[in-house]
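Order of appearance sets the numbers: ligands from 1, and atoms from 1 within every ligand.
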Amino acid sequence: MIALGCDHGGYELKQEVIAYLKKNGLEYKDFGCFSTEAVDYPDYAKLVAHAVAGGECEKGILICGTGIGISIAANKVKGIRAALCSDCFSAEATRLHNDANILAMGARVIGPGLAVKIVDTFLNTPFSGDERHARRIRKIEED
Ligand code: RB5
């Protein structure tokens, strides 16, 4: 199950992501928002981050105008590793190296074609499992 969230700036791009998920038979839970009416991105970041951190959803996708605010907010939740990606190389690397559990994107930064390829890369790349990466991820959780 993939958790989806956005603010008003990310609403239209989230619809493109939903179309991709439906086409590929992937289950998702949409935590909003549900229109282009202005909302506050931390509210949706936290809903998705808690769904992923709590195990209800395996991964999450968050979209705002830049992807910055919504990723900062998601990363406040313990256990969340939200990666803001604007290219496929980063989406692949953050799964391989960081075991990122949330993908963040900026709808005012990238177009829908690239965004869908980034989503596809993120969802289909496993964590490498390498000890050096696992060790670094454990250190992220330390104060
Ligand atoms: C909303 O206008 C915008 O600030 C938001 O979508 C995002 O870019 C924040 O980081």
Quiz prompt | Derivation of the side-chain contact (heavy atoms from CB on, under 4.5 Å) call for Ile18 and Leu4 | solution = CA-CA 9 Å; Ile18 288 172; Leu4 298 181; 3.4 Å; yes
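- The shortest N/O to N/O separation between Gly69 and ligand 1 falls below 3.5 Å.
- Atoms of ligand 1 lying under 4.0 Å from any heavy atom of Arg108, numbered from 1 in the order shown and given with element: 1 (C), 2 (O), 3 (C).
- Annotation for ligand 1: atoms under 4.0 Å from non-hydrogen atoms of Asp7 are 1 (C), 5 (C), 6 (O).
- In terms of heavy atoms, Ala82 sits closest to Ala74 at CB-CB, 4.0 Å.
- Under a cutoff of 6.0 Å and an axis angle of 45°, Lys14 and Phe34 form a cation-pi pair.
- Residues Tyr20 and Asp120 have side chains that bring a donor and an acceptor to within less than 3.5 angstrom of each other.
- Of all protein heavy atoms, the one closest to atom 9 (C) of ligand 1 is Tyr41 CE2, 3.5 Å.
- Set against the non-hydrogen atoms of His8, the atoms of ligand 1 under 4.0 Å away are 1 (C), 2 (O).
- A distance-only check finds no donor-acceptor pair linking the side chain of Arg81 to the backbone of Asn75 [under 3.5 Å].
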Self-check item: Worked check of salt bridge (charged side-chain N to carboxylate O under 4.0 Å, His left out) between Arg138 and Glu131
Solution: CA-CA 10 Å; Arg138 285 196 299 274; Glu131 173 47 30; 2.9 Å; yes
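- Shown in contact with Gly65 at under 4.0 Å from a heavy atom are these atoms of ligand 1, numbered in order with element: 5 (C), 6 (O), 7 (C), 8 (O).
- Of all atoms in ligand 1, listed by their number and element, those nearer than 4.0 Å to a heavy atom of Thr66 are 7 (C), 8 (O), 9 (C), 10 (O).
- Of the listed options Gly9, Ala38, Cys64, Ala107, Cys64 places a heavy atom closest to atom 7 (C) of ligand 1.
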